[in-house]
Amino acid sequence: AAVWGELEAQPLAAGRRPPASTMMFFSLCKGRQPREEVEQVEQVETRNMLLDSALAPASKAMKESNPPTWPASVHVIEPDGKFVGDKQELFDNIFSDGGKYSVHPWGAEFPNTDRYGGYFNETGRDFCAKRTVVLLKPGVHRAKFNVGFYNSLMGLGRDPGAVEIDAFEVLNGVGADGVQHSLSPGALDNFWRSVENVTTAQGRSIYYFVSQASPLRKVHIRGELRLSGPVGGGIYDWGYASGGFAADSKVDGGVEFGGQQQFITRNSEVPAGCAYKHGAWSNVLVGSKGEYQHEQNQLARVTEVPCTERIAEKPYIMFEEAENKYFLMVPQPEHNKKGVSWERYADDSATHKIDFENVYVADAETATAATINAKIAEGKAIVLTPGVYKISEPIIVSRSGTVILGLGMATVMPAQDALWMDSLVFVRDNLQDIRIAAVLLEAGSRGSDALLKWGTRRDSIGPNTGFLYDIFCRVGGDRDASMPEVMTNTMIQINSSNVVGDNLWLWRADHEGPRNSGVTHSRNKVWNAMQVNGDNVIIYGLFAEHALHDQVVWNGENGKTFFFQCELPYDVTQQNFGDAGYSGYVIGDHVKEHDLRGAGVYTFFRDFDVHASSGFRAPEDANGIRLQNIFCVFLNGQGGIDHVLNEKGTRTGSDSQGRPNYIC
């Protein structure tokens, strides 16, 4: 408690805007010592020598087994012809372990109910500890997979064309009573699931009704992709859905956003004659091919960015039947990318191929942070199999070229007896080409400065510091008011320069188990969802919600965010939030260059009448601050937001409920 109080008193940790970059940086490090001092190397030649040494595998490291010994949370599925048994029954059993599939209750009077199949009843599953991944070996799989909470479906081919499945599906959810009554919940609570690296059956439409932390990556859908669907058997309009992410994918029949509040599509393709359609408020297309079809009088705006400035696609696993071996595939960085990458993966120069002999496959039942750190020091890549990793010390990325890949929403959280940690995952300074992917980070009761912290200073030895993919942070939710609250100052803090983020959801829980009740009285404290202090940081898809101070504080120069979705906290007061001047997205007063496109801030001040002064704050006199399609929305509750940006833009309140208030 004493340590927590000291942290709370620090100006930057409290989320306030620093007066100047130098003062900010010393405030950040004041009173703290990095775990290990990293010598600043001034000569480029010396830096390159150190980088080459870090990338070389340790000579005395023992080889890992290939094939690895997978734990029970990993299902490796043979293709049809080799699979023994009923594959559809197996898939249904995996889903029914945590959810139920039900047909619509309205019957034949609504003939389009068959088209949407039914709904998902996953009540009570959202904060469970079960984690699962289904790995499909190359070939054809004539079955449909229902993607439930903490389920991941992944093909094991070099590209999506190597694995064909009939369909995968996520449908609208139900209320606590097990019935879908109206537009809510729709897909509002369909979180923490994913699909990657598969092709679907020819002409089959895919229903993937999801919200945050449910990415689609590297898929080829040979029909239409529908991202939200009607509820009530066609009685009502689109069910609610609060935003999502898709990347590096082809959709032959076009994309129907439906009622998605906001959605980002990066480096994806729809053919001529098809289109991206609808959406509630904001759609962001980055480096994607295809036409967005505008409807008359629609509220939604589209933000189209022709090329993706800098990206390396997410690492993935490939199985080669001839060798009976697994490989970790690490795509190379690309610049000014348009469309998908995987059509070029037959060329070995497009990816780095790591034999699983150099990959440590961690099991949550036995692996410790100390073991993982030792394997990283040996030069091994890390695969975190599905499970909850309860650690007593941070996972430290200490070598350039390190890859950490989570499967099945692998979760890292402090052990019950763990003391305060500076962060759960820490990336040291002066490293290059780091990849951290698909990990859910949870706060603990002893607190931390951050859940993930990248570096301690801005300087970098090269332009490719590293990438974060599908990093999801959670503060609270798995506990009710009778249990100790959890806390952290910040969910993600990026101090190094040249880092790229690709789909980040940083969430302080607004509801909690086991009765799905609302979180109240500012329990489970986190001040900021994200702090960016490094330069040249790019984020594609940033979702930040319910932190108690400013949601995002950006102090580095030349930062870029393509898509921002933000919901302010439900349970704050006018005194501790509105009067303090907190906002959704804050660009530091000293910043000269920043780019923000397709960004929305919402309010649902559920418990008190709160009036936030603005949704966004940015320097007034900096010509290099570029903002496009930024807006605020009143969802429900009390109060609202007085201005969109600084003192610009009209008030967003109950009189404009559900309508985006754009300023530029």
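In terms of modelled atom types and a separation under 3.5 Å, the side chain of Asp159 and the main chain of Gly161 share a donor-acceptor contact. Arg626 contributes a side-chain N or O that, together with a main-chain N or O of Gly624, makes up a donor-acceptor pair within less than 3.5 Å. When atom types are taken as modelled, the side chain of Thr488 and the backbone of Ser448 share a donor-acceptor pair closer than 3.5 angstrom. Distance alone, capped at 3.5 Å, is enough to place a donor-acceptor pair between the Tyr316 side chain and the Arg158 backbone. A donor-acceptor pair under 3.5 Å is absent between the side-chain atoms of Arg131 and the main chain of Thr411, judged by distance alone. A donor-acceptor pair under 3.5 Å links the side-chain atoms of Asn197 to the main chain of Gly157, judged by distance alone. Counting only distance, with no hydrogens or angles, the side chain of Asn498 and the backbone of Gly462 share a donor-acceptor pair below 3.5 Å. For Asp363 (side chain) and Glu365 (main-chain N/O), a donor-acceptor pair under 3.5 Å exists by modelled atom type. Judged by distance alone, the side chain of Asn503 and the main-chain N or O of Phe245 form no donor-acceptor pair under 3.5 Å. Lys338 places no side-chain N or O within donor-acceptor distance of the main-chain N or O of Thr308, the cut-off being under 3.5 Å.
Other residues, nucleotides and ligands place no more than 12 heavy atoms under 6.0 Å from the CD atom of Gln416. A 6.0 Å sphere centred on NZ of Lys137 holds more than 12 heavy atoms belonging to other residues, nucleotides or ligands. Environment of NZ in Lys325: crowded, with over 12 heavy atoms of neighbouring residues, nucleotides or ligands closer than 6.0 Å.
Of the charged side-chain nitrogens involved, none lies within less than 4.0 Å of a carboxylate oxygen, so that Glu545 and Arg508 do not count as a salt-bridged pair. Ion pairing between Glu64 and Lys375 holds under the 4.0 Å rule for side-chain N and carboxylate O. In this structure, Lys314 pairs ionically with Glu196, as a charged nitrogen and a carboxylate oxygen lie closer than 4.0 Å.
Using a 30° and 60° split on the angle between ring planes, Trp507 and Phe191 fall in the tilted class, from 30° to 60°.
With a 6.0 Å cutoff to the six-membered ring centre and a 45° limit on the axis angle, Arg597 does not count as a cation-pi contact of Phe563. A cation-pi arrangement is not found for Arg474 relative to Trp505, the charged atom failing to lie both closer than 6.0 Å to the ring centre and inside a 45° cone about the ring normal. For the pair Lys353 and Phe327, the distance from NZ or CZ to the six-membered ring centre is under 6.0 Å and the angle to the ring normal is within 45 degrees.
The two atoms that bring Pro315 and Tyr469 nearest to each other are CD-CE1, 3.6 Å, heavy atoms only. Considering every non-hydrogen atom in both Ala369 and Pro394, the closest pair reads CB-O, 4.0 Å. Nearest heavy atoms, Phe564 versus Leu596: CB-CD1, 4.2 Å. Here the closest non-hydrogen pair linking Gln432 and Ser400 is N-OG, 2.9 Å. The nearest pair of heavy atoms linking Ile396 to Ile376 is O-CD1, 3.7 Å. Residues Leu468 and Leu504 approach most closely at CB-CD2, 4.2 Å, considering heavy atoms.
With respect to Glu357, the side-chain contact (heavy atoms from CB on, under 4.5 Å) criterion is satisfied by exactly one of Asp355, Ile354, Val359: Asp355. With Glu313 as the partner, the salt bridge (Lys or Arg N to Asp or Glu O under 4.0 Å) test is satisfied by one option alone out of Arg266, Lys218, Arg344, Arg435: Arg266.
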Run Glu442 and Lys390 through salt bridge (charged side-chain N to carboxylate O under 4.0 Å, His left out) and show every step you take. CA-CA 10 Å; Glu442 289 199 48; Lys390 298 181 179 181; over 6 Å; no

For Asn489 and Asn528: C-alpha separation, side-chain torsions, deciding distance, then whether side chain to side chain contact (heavy atoms under 4.5 Å, CB included) applies. CA-CA 7 Å; Asn489 275 353; Asn528 309 124; over 6 Å; no

With salt bridge (charged side-chain N to carboxylate O under 4.0 Å, His left out) as the criterion, how do Arg217 and Asp502 come out once you've worked through the C-alpha distance, each side chain's angles and the decisive distance to 0.1 Å? CA-CA 11 Å; Arg217 288 185 181 269; Asp502 196 42; 2.9 Å; yes

Step by step, work out the side chain to side chain contact (heavy atoms under 4.5 Å, CB included) result for Val553 and Gln493. CA-CA 10 Å; Val553 179; Gln493 185 183 90; over 6 Å; no

When you look at Phe145 and Ile165, which way does the side chain to side chain contact (heavy atoms under 4.5 Å, CB included) test go after all the steps? CA-CA 8 Å; Phe145 187 76; Ile165 185 172; 4.1 Å; yes

Between Asp535 and Asn558, is the side chain to side chain donor-acceptor pair (under 3.5 Å) condition met? List the steps. CA-CA 6 Å; Asp535 296 334; Asn558 197 33; over 6 Å; no

Side chain to side chain contact (heavy atoms under 4.5 Å, CB included) for Phe319 and Glu321? Distances and angles first, verdict last. CA-CA 6 Å; Phe319 177 75; Glu321 183 73 32; 3.2 Å; yes

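Residues Tyr326 and Trp70 place their aromatic rings such that the two centres sit under 6.0 Å apart. Between Phe168 and His141, the distance separating the two ring centers is not shorter than 6.0 angstrom.
Among residues two or more places apart in sequence or in another chain, the ring pair (Phe, Tyr, Trp, His ring centres under 6.0 Å) test is passed with Tyr360 by none.
How far NZ of Lys453 is from CG of Leu424: 11.0 Å, rounded to the nearest 0.5 Å. In this structure, CG in Leu156 is found 12.0 Å from CE in Met329, a value given to the nearest 0.5 Å. To the nearest 0.5 Å, atom CD of residue Gln262 and atom OG1 of residue Thr303 are 9.0 Å apart.
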